[in-house]
Amino acid sequence: MQKITPFLWYDGKAEEAANYYTSLFKNSKVTSVNPMMTTFELNGLQFVGLNGGPHFTFTNSISLFVTCNSHDEIASLWKSLSEGGTPLMELGTYPWSEQYGWINDRYGLSWQLFFGDKDQQITPSFLFANQQFGKGESAINLYSELFPPSEMLNLVRFGAAFPGLEHNIQFSEFKLANQSFMLMESHVPHEFDFNEAFSFFITCADQNEVDYYWDKLIANGGQESKCGWLKDPYGVSWQVVPTLLMQLMGDPDREKAQRVMEAMLKMNKINCQPLQDAYDGK
């Protein structure tokens with residue numbers, strides 16, 4: 001089971017977006033649809049799309065980095081994402097890649113397309129900027145501790161060419177729980193930051209796991225929110241959710257599922273026993 005699942009917030013268009021994305025990428029499919037959520041896979045990576053309303057919109061703080069080993073493939077993806085999208089860096093040749101482009105799609109979700117020697121791979125990528133600039137390495141260390149097995153695959157610092165920024169992270173790639181992630185830092189001021197539109201859903205086996213991840217992620221400046229949501233010390237949003245919640249809420253007995261939902265809405269951190277009691281009618 002995928003431990004960390006990208007969780008995307010839409011204003012009523014989760015199913016539409018999922019159908020669009022799965023049409024663009026190989027080995028992709030929509031796996032479930034209901035009025036609130038759509039689950040889907042893009043080249044094997046699982047996603048959840050939520051119809052959460054207009055409260056949050058995507059920013060460039062978290063993007064999806066797509067590595068392609070075919071010029072035709074990257075050109076086709078760029079053309080499709082450009083339909084209703086907004087280019088941030090036009091597809092072209094750059095010092096770090098013979099073909100690269102950065103674009104926000106029609107829903108505002110941010111994509112980086114990169115020509116490389118890997119088969120198509122889709123990787124969540126963090127951009128630590130503004131107040132988070134300089135905290136990227138601390139974040140990687142925290143995440144690596146939380147999600148073993150972890151591994152640093154590539155770390156490029158700004159170096160001597162950028163006086164005062166020598167030790168900051170220009171680019172990094174690492175694994176958490178055997179999943180690939182990237183992180184960059186930017187010293188240039190930006191008008192955006194992390195928000196709830198792009199969060200990460202942690203699937204927890206039991207209450208002990210819920211407690212562990214919750215306590216670690218809110219320590220040292222993190223913030224609790226409702227219904228299993230929190231922000232870590234760097235402003236990244238996470239959802240810490242036991243499998244029990246999904247099982248109980250998925251029960252075909254709508255009355256039982258509703259009782260569980262009502263109990264969950266009263267919680268910050270999810271507690272399994274009150275959920276089970278609500279399900280049992282206690």
Side-chain angles (χ1 to χ4, degrees), residues 1-10 13-34 36-51 58 60 62-85 87 91 96-126 143 147 149-151 153-154 171-184 197-203 239 241 243 246 250:
M1 180 180 293
Q2 186 173 304
K3 190 67 177 177
I4 307 169
T5 301
F7 194 97
L8 309 176
W9 185 294
Y10 294 94
K13 295 186 176 180
E15 182 181 1
E16 178 185 303
N19 287 328
Y20 172 59
Y21 299 144
T22 54
S23 74
L24 300 182
F25 296 97
K26 59 189 178 183
N27 302 324
S28 300
K29 60 183 178 181
V30 174
T31 51
S32 70
V33 177
N34 66 45
M36 282 298 295
M37 290 191 296
T38 297
T39 63
F40 58 101
E41 295 182 7
L42 301 180
N43 199 24
L45 183 65
Q46 299 169 12
F47 290 81
V48 176
L50 173 73
N51 288 320
F58 296 115
N60 300 325
I62 305 179
S63 58
L64 294 173
F65 194 102
V66 184
T67 303
C68 304
N69 61 8
S70 160
H71 289 291
D72 290 342
E73 181 181 45
I74 199 171
S76 176
L77 279 173
W78 182 265
K79 180 180 178 181
S80 297
L81 292 169
S82 296
E83 295 173 0
L91 185 64
W96 56 88
S97 177
E98 60 185 86
Q99 220 174 1
Y100 170 86
W102 194 336
I103 190 168
N104 292 345
D105 68 22
R106 65 185 70 173
Y107 305 103
L109 184 60
S110 192
W111 300 82
Q112 298 183 66
L113 307 185
F114 178 88
F115 180 80
D117 59 2
K118 300 176 182 176
D119 193 11
Q120 186 184 91
Q121 181 177 345
I122 302 172
T123 306
S125 178
F126 301 95
Y143 302 156
F147 299 106
S150 61
E151 180 184 4
L153 302 176
N154 190 13
F171 173 82
S172 64
E173 183 176 7
F174 51 97
K175 284 194 171 185
L176 306 174
N178 290 320
Q179 297 173 227
S180 293
F181 292 84
M182 294 178 178
L183 186 148
M184 300 178 289
F198 197 133
S199 63
F200 294 94
F201 187 101
I202 306 172
T203 301
Q239 297 176 64
V241 180
T243 56
M246 308 311 292

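What you are looking at is a predicted structure, and each value in this text was computed from that prediction instead of being measured.
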Determine whether a donor-acceptor pair (N or O, by modelled atom type, separation under 3.5 Å) exists between the side chain of [X] and the backbone of [Y].
X	Y	result
Asn51	Ala14	yes
Ser63	Phe65	no
Ser82	Ser80	no

For the atom pair [atom1] ([X]) and [atom2] ([Y]), what is the distance rounded to the nearest 0.5 Å?
X	Y	atom1	atom2	result
Glu73	Phe115	CD	CZ	10.0 Å
Leu176	Ile4	CG	CD1	5.0 Å
Ser97	Ile74	OG	CD1	6.5 Å
Lys79	Leu77	NZ	CG	12.5 Å
Gln112	Met182	CD	CE	8.0 Å
Leu64	Leu42	CG	CG	8.0 Å

Under 4.5 Å between any side-chain heavy atoms of [X] and [Y], yes or no?
X	Y	result
Phe40	Lys29	no
Phe47	Thr31	no
Glu41	Thr22	no
Leu113	Cys68	no
Tyr20	Arg106	yes
Ser172	Asn154	no
Val241	Thr203	no
Met184	Ser125	yes

message: Can you confirm whether or not the ring centre of Phe200 sits under 6.0 Å from the ring centre of Phe126?
response: yes

- prompt: Can the ring centres of Phe58 and Tyr10 be said to be less than 6.0 Å apart?
  reply: yes

Nearest atoms (heavy-atom pairs only) where Pro6 meets Phe198: CB-CE2, 3.8 Å

task: Give the C-alpha distance, both sets of side-chain angles, the deciding distance and a yes or no for side chain to side chain donor-acceptor pair (under 3.5 Å) between Ser32 and Thr39.
output: CA-CA 5 Å; Ser32 70; Thr39 63; 2.5 Å; yes

- request: Decide yes or no on side chain to side chain contact (heavy atoms under 4.5 Å, CB included) for Tyr143 and Phe181, but give the supporting numbers first.
  value: CA-CA 10 Å; Tyr143 302 156; Phe181 292 84; over 6 Å; no

message: If the condition is ring pair (Phe, Tyr, Trp, His ring centres under 6.0 Å), which residues does Trp111 pass it with, not counting sequence neighbours?
response: Tyr21, Phe25

task: Verify whether one side chain among Glu15 and Thr38 offers a donor that lies under 3.5 Å from an acceptor in the other.
output: no

- prompt: Could you walk me through whether Phe147 and Ile202 pass the side chain to side chain contact (heavy atoms under 4.5 Å, CB included) check?
  reply: CA-CA 10 Å; Phe147 299 106; Ile202 306 172; 3.7 Å; yes

- prompt: When you look at Ser180 and Gln121, which way does the side chain to side chain donor-acceptor pair (under 3.5 Å) test go after all the steps?
  reply: CA-CA 9 Å; Ser180 293; Gln121 181 177 345; 3.0 Å; yes

- prompt: Could you go step by step and tell me if Asn27 and Asn43 meet the side chain to side chain donor-acceptor pair (under 3.5 Å) rule?
  reply: CA-CA 5 Å; Asn27 302 324; Asn43 199 24; 3.1 Å; yes

message: Parallel, tilted or perpendicular, judged at 30° and 60°: which one describes the rings of Phe201 and Phe7?
response: parallel

message: Parallel, tilted or perpendicular: which one describes the rings of Tyr100 and Trp102, with boundaries at 30° and 60°?
response: perpendicular

- request: Give the intermediate values and the outcome of side chain to side chain contact (heavy atoms under 4.5 Å, CB included) for residues Leu91 and Gln99.
  value: CA-CA 7 Å; Leu91 185 64; Gln99 220 174 1; 4.0 Å; yes

query: Above 12 or not: heavy atoms from other molecules or residues under 6.0 Å from NZ of Lys13?
result: no

statement: Test side-chain contact (heavy atoms from CB on, under 4.5 Å), reference Ser110, set Ile62, Asp105, Asn104, Ile103, output is Asn104

query: Would Glu151 and Leu153 count as a side chain to side chain contact (heavy atoms under 4.5 Å, CB included) if you check the C-alpha gap in whole Å, the side-chain angles of each, and the deciding distance to 0.1 Å?
result: CA-CA 6 Å; Glu151 180 184 4; Leu153 302 176; 3.6 Å; yes

